[in-house]
Amino acid sequence: MNYSILANDTASKARCGILTTSHGEIQTPIFMPVGTIGTVKGVLHRDLEHDVKAQIILGNTYHLYLRPGTEIIRRAGGLHKFISWDKPILTDSGGYQVFSLTDIRKLTEAGCEFRSHIDGSKHLFTPENVVDIQRAIGADIIMALDECPPGTADYDYAKKSLQLTQRWLERGIRHFRTTEPYYGYEQVFFPIIQGCVYPDLRRAAAEHALSFDPEGIAIGGLAVGEPAEQMYEMLEVLQPVFPEGKPRYLMGVGTPVNILEAIARGVDMFDCVMPTRNGRNATIFTSEGIINLRNKKWADDFSPLDPHGASFVDSAYSKAYLRHLFVAGEMLGPQIASLHNLTFYLWLVEEARKHILQGDFLAWKNSMVKKLERRL
RNA sequence: GGGGAAAUACCAAAGUGGCCAACUGGGGCAGACUGUAAAUCUGCUGGCGUACGCCUUCGUAGGUUCGAAUCCUGCUUUCCCCA
């Protein structure tokens, strides 16, 4: 894997670059649609490639391991072949499920013991076996197993949790470096920085992770209940610790505004369920602001979904029609809204890239943030 | 023509003397959603008020009772059965 910086913004910490993986190039800053179970919910690959212009998508170790199971994916020839997607894939390690499935899991030094949310069966994830599973999945970018504490965690818990994440990282990276890819192409391994909202913990976590000279570095444990200002502050704390030549991935973030603010603070990669989940639940993000399509006020608004939108659905369908689809419970509604939102997110990071290259990113970002926060 | 049953909020449907402004569904309105246990979840849904509360409601007009959606009588409407 190779990462080269094309431009640095002078007025902010934003940068733009090109990340080269085994399955092609990724232009950063980039948003990566989430495809947890081997599908970006409700969106066909054809549309994901040509309309959304997605350059890389996510899969999830926990979900794919439970269903269809590692063996099926191996026999399919890897996740790319199984789901028919030949661009890059990043898999999360299952660390986030340590957080979101908190009542059906148990943390130990060895790893994380889970109960399957599907059938209740017991499973153990270790820093080593999640590498094996992700090797079998064939992800271009593999994530370390971590503990993602809630945003409300106190200092003592945050510190203990970080120490566990660090010990897991050492084991994970050792295992990664002593195993081979399954399918012949290169895979890379990203450590995850924890430390909640405590600057000294974050700094120490970054230094520790960077001591292994990884290909890229992920920031986890943000946007998990703490105020957005604290998240931005953590990015500011981390920014000077990061070397220029490694991509920085802010996990699970976020709103369009969060993404622009994080780009301004030096982040290169993002993923979030928000465009697809909120889309399925009738919220769309547009260049004019946020629209809840279920609201009555759209019932007779026959204007295009998003007059400046980059997706064909933006001009092909009206707000009134999409509202009708949601109210009627028709599945085309969630599909159109997901497609719109993903296209919007990818358009947003593409615009950010352009403005970084042009050298007017900060001014553009500040004017966008105001529009994006509006609720229509 | 005779006999029987029923009328409850936007719809359906509980409730059959005080715990009823009225269960529950649906519909409607609004909100939430950040490395996806989510095409899910939450709230409101007679009026006024932030709230304690006050006012008007259970086909309609009366009556009984301290108190009625609930009991009685007339009327209206609907449904069923027999001629």
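Each chain gets a letter, A, B and so on, in the order its sequence line appears, and its residues count up from 1. Below, all heavy atoms of this structure are taken into account, side chains as well, without hydrogens, waters or symmetry copies. Please read these numbers as outputs of a predicted model, since none were measured by experiment.
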Quick one: is [X] getting a side-chain N or O under 4.0 Å of the [N] phosphate, OP1 or OP2?
| X | N | answer |
| --- | --- | --- |
| A/Asn60 | B/U36 | yes |
| A/Arg294 | B/C29 | no |
| A/Asn295 | B/G31 | yes |
| A/Asn292 | B/G31 | yes |

From [options], nucleotide with atom closest to [X] side chain:
| X | options | result |
| --- | --- | --- |
| A/Lys41 | B/U36, B/G35, B/U34 | B/U36 |
| A/Tyr96 | B/A30, B/U36, B/A32 | B/U36 |
| A/Tyr249 | B/U34, B/G35, B/G31 | B/G35 |
| A/Asn258 | B/G35, B/C33, B/U34 | B/U34 |
| A/Asp271 | B/G35, B/A37, B/C33 | B/G35 |

Worksheet item: A/Thr165 and A/Glu147: side-chain donor and acceptor closer than 3.5 Å?
Response: no
Is it the case that A/Ser12 and A/Asp9 place a side-chain donor and acceptor less than 3.5 Å from each other?
yes
With the threshold set at 4.0 Å, does a side-chain nitrogen-carboxylate oxygen contact exist between [X] and [Y]?
| X | Y | value |
| --- | --- | --- |
| A/Arg171 | A/Glu128 | yes |
| A/Arg46 | A/Asp51 | no |
| A/Glu109 | A/Arg167 | yes |
| A/Arg265 | A/Glu261 | yes |

Taking Watson-Crick and G-U wobble contacts under 3.5 angstrom, with | marking pairs to another strand and [ ] crossing pairs, the secondary structure of RNA chain B is written ((((((((.[[[..)..(.....]]]((((((.......))))))(((....)))...[[[[[..)....]]]]]))))))).
Specify the separation, in whole Å, of atom [atom1] of [X] and atom [atom2] of [N].
| X | N | atom1 | atom2 | answer |
| --- | --- | --- | --- | --- |
| A/Leu58 | B/U36 | CG | P | 7 Å |
| A/Met274 | B/U40 | CE | C1' | 15 Å |
| A/Asn278 | B/A32 | CG | P | 10 Å |
| A/Leu145 | B/G35 | CG | C1' | 12 Å |
| A/Gln97 | B/G35 | CD | P | 10 Å |
| A/Leu101 | B/G35 | CG | P | 13 Å |
| A/Tyr65 | B/G35 | OH | P | 23 Å |
| A/Met251 | B/U36 | CE | C1' | 13 Å |

How would you label the contact of [X] with the nucleic acid (heavy atoms, under 4.0 Å): base, sugar-phosphate, or nothing?
| X | answer |
| --- | --- |
| A/Thr283 | base |
| A/Val224 | nothing |
| A/Glu330 | nothing |
| A/Thr276 | base |
| A/Gly279 | nothing |

Judged by nearest nucleotide, the residue sitting upstream toward the 5' end of RNA chain B, A/Gly252 or A/Met331, is A/Gly252
task: Identify, between A/Arg280 and A/Cys272, the residue whose nearest nucleotide on RNA chain B lies closer to the 5' end.
output: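 The residue mapped nearer the 5' terminus is A/Cys272.
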Distance check, [atom1] atoms only: [N] and [M], in whole angstrom units.
| N | M | atom1 | result |
| --- | --- | --- | --- |
| B/U45 | B/C10 | C1' | 10 Å |
| B/A61 | B/A9 | P | 15 Å |
| B/A69 | B/C75 | P | 23 Å |

- Message: For B/U36, does the base pair up with any side-chain atom of A/Ser100 as donor and acceptor (N or O, under 3.5 Å, distance only)?
- Response: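 No pair found.
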Has the side chain of A/Arg67 got a donor or acceptor that lies under 3.5 Å from a partner of the other kind on the base of B/U36? no
For the residue pair A/Trp364 and A/Phe361, does the interplanar ring angle fall in the parallel (under 30°), tilted (30 to 60°) or perpendicular (over 60°) class?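 Tilted.
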| According to the interplanar angle, ranging from 0 to 90°, do the rings of A/His80 and A/His23 count as parallel (below 30°), tilted (30 to 60°) or perpendicular (above 60°)? | parallel
Name the one of A/Gln97, A/Arg105, A/His117 that satisfies side chain to side chain donor-acceptor pair (under 3.5 Å) with A/Tyr62?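 Among the candidates, only A/His117 passes.
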